[in-house]
Amino acid sequence: MLSVLAVKKILNDSELKLDGVFTENLPEERIDRDDLTDVLISRVRNSPTSFGNNDFNQIDNMVSVQIFYSKNFDENIENFEIKVMKLMLANGWYINDNKSPYTDPDTKQVIKVFLFSKTEDI
């Protein structure tokens with residue numbers, strides 16, 4: 001399964017309070033919505049690894065998970081982010097980067113970016 005679709009399924013199947021989970025691009029109608037908590041999953045890397053016999057046997061996948069918090073988000077953001085990290089770890093994804101949250105200058109939404117990776121046998 002493609003890495004972004006695998007992560008989308010993990011997040012959609014979870015009990016996290018999310019209004020939408022999208023891959024590669026946010027739909028145009030969601031871009032300026034500050035009343036929704038949306039997630040955007042993008043592929044960062046998809047590199048062959050574990051070479052042998054003139055071939056590769058594994059793919060190293062990395063995805064970016066951006067969380068756009070609603071201005072009305074009523075859960076503790078730090079606790080929510082811990083849930084996201086634990087969920088991804090439980091599904092075999094490793095945390096490569098956990099960037100500091102920042103505020104979008106236009107929508108004033110808090111945005112958090114994670115980088116997760118997983119090596120898969122092929």
Any Tyr94 side-chain heavy atom under 4.5 Å of Lys118 side chain: no

Salt bridge present between Lys17 and Asp74 (N-O < 4.0 angstrom): yes

Beyond-backbone contact of Asp121 with Asn57, side-chain heavy atoms, under 4.5 angstrom: no

Side chains of Phe56 and Ile122 in contact at under 4.5 Å (non-hydrogen atoms): yes

Flag side-chain contact, heavy atom, 4.5 Å: Ser3 against Trp93: yes

Heavy-atom donor-acceptor pair, Asp19 side chain to Asp38 backbone, under 3.5 Å: no

Heavy-atom closest contact (Leu87 atom, Asn91 atom, distance): O-ND2, 2.8 Å

Validation row: Asn61, Leu2 side chains within 4.5 angstrom (heavy atoms): no

Full working for side chain to side chain contact (heavy atoms under 4.5 Å, CB included) between Leu36 and Ser70: CA-CA 5 Å; Leu36 300 173; Ser70 162; 5.5 Å; no

Pair Arg45-Asp60, salt bridge (Lys or Arg N to Asp or Glu O under 4.0 Å): steps then yes or no: CA-CA 7 Å; Arg45 179 177 66 227; Asp60 180 29; 3.0 Å; yes

Val7 side chain reached by Met88 side chain, heavy atoms, under 4.5 Å: yes

Modelled atom types, side-chain donor and acceptor of Gln109 and Tyr102, under 3.5 Å: no

Residue pair Thr119 / Ile59, side-chain heavy-atom distance below 4.5 Å: no

Partners passing salt bridge (charged side-chain N to carboxylate O under 4.0 Å, His left out) against Arg43 (at least two apart in sequence or in another chain): none

Row check, Phe114 ring normal vs Lys112 NZ/CZ: under 6.0 Å, within 45°: yes

Min side-chain heavy-atom separation Asp34-Phe68 under 4.5 Å: no

